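From a predicted model like this one, the values you see are computed outputs, not experimental measurements.
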Amino acid sequence: PLEQLGMVLPQPSMHALPSPLRQLPEMLPLAFPDADACRLGVDYDGKRFRWQGTLALPFVEAEQLRTLYEAFRPALQPHETARDEVTPATLYVRPELAA
């Protein structure tokens, strides 16, 4: 989950990632020398407000991306590693609504 999140979060939202992963977008040009793979941006064509922009993602080979991410993974704290695991979804319902 953090691998995917780190690749799509815009720079102003990087504070939501664990600190070792915040430098992941800066490493993209080194890991993917192809200029197209490093062009991240927001498309505002036809949008009235900035929050309506669409994130423009480059095409990146998943295996190369995973290799880059795995280089940062050992620096994660144990609670951050636990947060990165895929777990079953949990639904919380008030007892009076469960019936």
Trainee: Which atom pair, heavy atoms only, marks the closest approach of D84 to L2?
Mentor: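 Scanning both residues, the minimum pair turns out to be OD1-N, 2.9 Å.
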
Trainee: Between Q77, E85, R83, H79, which is the residue that forms a side-chain contact (heavy atoms from CB on, under 4.5 Å) with T81?
Mentor: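 The option that passes is E85.
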
Trainee: Could you check if a side-chain atom of E80 sits within less than 4.5 angstrom of a side-chain atom of L21, using non-hydrogen atoms only?
Mentor: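 With C-beta onward as the side chain, the pair stays apart.
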
Trainee: Just how far is it from atom CD of E3 to atom CD of E70, taken to the nearest 0.5 Å?
Mentor: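 Interatomic distance, E3 CD to E70 CD, rounded to 0.5 Å: 7.0 Å.
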
Trainee: Taking side chain to side chain donor-acceptor pair (under 3.5 Å) as the cut-off, I'd like each qualifying pair that reaches into residues 47-60, sequence neighbours left out, listed once.
Mentor: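 Qualifying pairs, neighbours excluded: Y44-R50.
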
Trainee: So which heavy atom on H15 is nearest to which on R22, and how close?
Mentor: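 The pair with the smallest heavy-atom distance is O-NH2, 3.3 Å.
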
Trainee: For P20 and L76, which heavy atoms make the closest approach, and how far apart are they?
Mentor: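 Distance-wise, the nearest heavy atoms are CG-CD2, 4.2 Å.
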
